[in-house]
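Here the structure comes first, spelled out in structure tokens, and everything after it is commentary.
Because the structure is predicted, anything quoted here is derived from the model rather than measured.
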Amino acid sequence: MIYDVIVVGSGFSAIAVTCNLIEQLPATATIAVVGDDPGFGRGTAYRTELYLHRLNVPAGRMSLLPHHPDDFVDWLKTHGRQLQAGDFASRSDYGLYVRDTLARLLRKRDGRCRVDFIKAKAAGCVERYTSRLAFHLGNGDEIAGKNVVLCLGVGNADLPVAGVPSSLRSRIVENPWRLSWLRRVAPSDTVSILGSGLTMIDQVLALRAHGHRGMIDVLSRRGLAPLGHAKTPPAPLPIDVHALPGTISGILKSLRAKSRSVADWRGVMDGLRPVTQALWQRLSNEERARFLRHALPWWNIHRHRVAPEVFAGFEKLVADGTVRFHAGFLKSLEAREGRLVAGYRVRAKREIAEIKADWLVNCTGMERAGISHSPLLKEMSRFQLIVPDPLGLGIQVDAASEVTAPSRISPARLFAVGALTAGQFWEITAVPDIRLQAKAVAEEIVRARPNSGA
């Protein structure tokens with residue numbers, strides 16, 4: 001089967017691209033959506049059923065289609081959720097909304113293009129038929145497309161230590177989003193969490209909701225945790241990107257000065273939001289690498305904040321000593337006297353300290369947006385159909401999200417959406433950014449389509 005567009009992936013990026021294409025393509029067009037995730041469109045983040053797992057962006061900025069800005073808030077009201085645009089909805093509700101939005105578009109039979117959902121993994125890609133890219137599927141089939149959109153996310157980061165004893169495997173939670181592990185934790189068990197980002201906070205609250213009352217030790221390289229949104233958000237401070245210095249040190253100095261001039265530093269961070277991509281694109285590769293080495297942890301805790309009520313609940317656990325933070329580098333894991341012992345080098349010291357626990361939960365989050373997690377991307381790189389980003393931030397794309405690979409000979413167009421394009425855009429993992437990118441890619445595909453009328 002030869003399609004006008006092949007969308008490779010089954011997470012939020014894939015569903016955003018698919019919905020925009022359905023809205024814009026004529027009835028004569030054909031789309032194939034290839035992915036083997038049974039929770040199509042919901043991805044890891046929006047599949048959770050725990051009500052405590054909230055979005056980190058207000059509902060008013062989370063509509064799937066940017067040209068229908070009130071869509072998600074209207075959906076919430078229709079489904080009996082009494083939330084306003086500035087409130088933080090549950091991730092589960094957002095997953096249901098995404099599913100319903102796709103279903104609503106698919107129900108429109110008159111004038112809608114053909115959409116085939118192929119439950120299979122794309123195992124390989126070749127240039128074929130002189131003008132198309134063909135994909136070998138895990139079920140033995142082959143499909144080809146005139147336009148391809150790669151919507152592959154990133155994989156879970158592995159534990160940063162080798163040689164884990166097999167006797168500990170049953171006590172290590174590699175994927176905390178499979179919440180069935182919570183049923184095995186006794187109320188008094190001690191839990192060690194590796195990583196101190198948003199995933200850590202979600203898992204701490206999930207533990208408490210399931211009756212856990214034991215101690216929780218959190219180990220990360222710097223011992224930093226995300227900060228909270230303000231209950232009453234300050235007005236964003238307008239920021240002129242071109243007036244900022246060209247170095248990370250200069251930019252930080254300027255932003256610190258701006259933060260001292262306003263009542264709430266969040267106004268500075270929110271003022272950066274619409275210009276972050278432009279700021280990133282002004283930086284040289286050397287400055288980008290310097291940012292990743294030195295400034296990234298502080299960027300994350302200030303930029304990717306937690307819903308106010310969630311943060312308040314977490315703060316109480318830290319204040320009463322239930323949650324304890326440790327800064328250091330994990331060096332070893334061993335079994336001792338029926339427990340798990342994590343040895344770590346204390347940050348800025350040569351000292352080796354230990355954390356004893358009944359469970360170790362890997363909350364280091366998602367790996368950096370490279371290609372090593374995907375056999376398909378590795379093969380495409382080997383055949384030079386894609387080029388990895390030099391800093392390991394996905395693959396190289398241009399300003400229109402089209403993949404740049406000089407050795408590719410086929411005129412078929414290849415795009416990428418989401419985390420794979422972090423090298424070009426940096427801020428491209430949250431819904432407000434991905435939805436704009438998905439719409440722009442769909443518009444470019446429609447515009448260039450022969451006889452599209454666009």
Side-chain angles (χ1 to χ4, degrees), residues 44-45 47-50 52-53 154-226 297 300 314 316-368 370 372-373:
T44 299
R47 196 176 303 156
T48 176
E49 298 297 332
L50 188 63
L52 289 171
H53 289 166
V154 294
N156 290 322
D158 295 328
L159 285 173
V161 64
V164 178
S166 57
S167 60
L168 292 179
R169 287 296 177 185
S170 63
R171 290 285 178 166
I172 297 176
V173 181
E174 294 276 8
N175 183 356
W177 291 108
R178 295 172 182 162
L179 295 179
S180 59
W181 73 272
L182 293 165
R183 294 195 293 268
R184 297 185 285 138
V185 179
S188 61
D189 281 353
T190 56
V191 177
S192 176
I193 294 180
L194 188 63
S196 60
L198 296 171
T199 303
M200 175 274 296
I201 292 181
D202 283 338
Q203 299 311 313
V204 167
L205 297 180
L207 280 164
R208 308 316 276 182
H210 280 74
H212 178 255
R213 295 297 177 263
M215 301 297 296
I216 301 173
D217 287 291
V218 179
L219 173 63
S220 67
R221 293 189 173 186
R222 290 177 175 82
L224 301 173
N300 283 339
F314 179 74
K316 289 180 181 178
L317 297 174
V318 175
D320 67 20
T322 299
V323 176
R324 301 178 297 195
F325 283 88
H326 308 265
F329 302 81
L330 183 66
K331 305 299 290 184
S332 64
L333 289 174
E334 61 178 284
R336 190 187 305 163
E337 298 176 354
R339 304 188 77 197
L340 181 151
V341 180
Y344 69 96
R345 180 171 62 81
V346 179
R347 183 168 183 80
K349 298 181 180 179
R350 295 183 179 180
E351 173 189 349
I352 298 295
E354 293 181 343
I355 298 173
K356 298 180 177 66
D358 298 299
W359 299 89
L360 176 69
V361 186
N362 182 13
C363 289
T364 52
M366 312 305 280
E367 66 179 3
R368 191 169 288 175
S372 61
H373 71 285

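- Side-chain atoms of Ser196 come within 3.5 Å of backbone N or O of Leu224 as a donor-acceptor pair.
- Summarising the geometry, atom CG belonging to Leu194 is positioned 11.5 Å from atom NE2 belonging to His326; distances are rounded to the nearest 0.5 Å.
- In this structure, Asp217 contributes its side chain and Ser192 its backbone to no donor-acceptor pair below 3.5 Å.
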* Asked: Going through the checks in order, is the side chain to side chain contact (heavy atoms under 4.5 Å, CB included) test met by Leu207 and Leu182?
  -> CA-CA 7 Å; Leu207 280 164; Leu182 293 165; 3.6 Å; yes
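- A donor-acceptor pair shorter than 3.5 Å cannot be found between the side chains of Arg213 and Thr322.
- Ring geometry for Trp359 against Trp181 counts as tilted: the plane angle lies between 30° and 60°, on a 0 to 90° scale.
- A distance of 9.5 Å separates CD1 in Ile352 from OH in Tyr344, rounded to the nearest 0.5 Å.
- The minimum heavy-atom distance between Ala225 and Phe325, with the atom names listed, is CB-CZ, 3.7 Å.
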* Please walk me through it: do Arg345 and Arg350 pass side chain to side chain contact (heavy atoms under 4.5 Å, CB included)? -> CA-CA 6 Å; Arg345 180 171 62 81; Arg350 295 183 179 180; 5.6 Å; no
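- Closest heavy-atom contact between Asp189 and Asp358: CA-OD2, 3.3 Å.
- A side-chain donor-acceptor contact under 3.5 Å links His53 to the backbone of Asp202.
- Arg221 CZ to Arg347 CZ: the interatomic distance, rounded to the nearest 0.5 Å, is 9.0 Å.
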* Could you please spell out the steps behind the side chain to side chain contact (heavy atoms under 4.5 Å, CB included) verdict for Val164 and Ile172? => CA-CA 10 Å; Val164 178; Ile172 297 176; 3.5 Å; yes
* **Steps toward salt bridge (Lys or Arg N to Asp or Glu O under 4.0 Å) verdict (Glu337, Lys356)** => CA-CA 10 Å; Glu337 298 176 354; Lys356 298 180 177 66; over 6 Å; no
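- In this structure, Lys331 and Val161 approach most closely via the heavy-atom pair O-CG2, 3.5 Å.
- The nearest pair of heavy atoms linking Leu159 to Glu174 is CD1-OE2, 3.7 Å.
- The closest donor-acceptor contact from the side chain of His210 to the backbone of Ala206 lies under 3.5 Å.
- Asn300 contributes no side-chain N or O that, together with a main-chain N or O of Pro297, makes up a donor-acceptor pair within less than 3.5 Å.
- Remark: Ile193 CD1 to Leu360 CG distance equals 9.0 Å, nearest 0.5 Å.
- A distance of 12.5 Å separates OG1 in Thr364 from CE in Met200, rounded to the nearest 0.5 Å.
- Formation of a donor-acceptor pair under 3.5 Å by the Arg184 side chain with backbone atoms of Ser170 is found in this model.
- Of all non-hydrogen atoms in Val191 and Ala357, the two that sit nearest each other are C-CB, 4.2 Å.
- The two residues Cys363 and Pro176 have their closest heavy-atom pair at SG-CG, 4.1 Å.
- Under the 4.5 Å side-chain criterion, counting only non-hydrogen atoms from C-beta, Arg324 is not in contact with Val318.
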* Under the side chain to side chain contact (heavy atoms under 4.5 Å, CB included) criterion, do Leu333 and Leu330 qualify, and how do the steps go? -> CA-CA 8 Å; Leu333 289 174; Leu330 183 66; 4.2 Å; yes
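- Of the possible donor and acceptor atoms, none in the side chain of Arg336 sits under 3.5 Å from a partner among the backbone N and O of Leu340.
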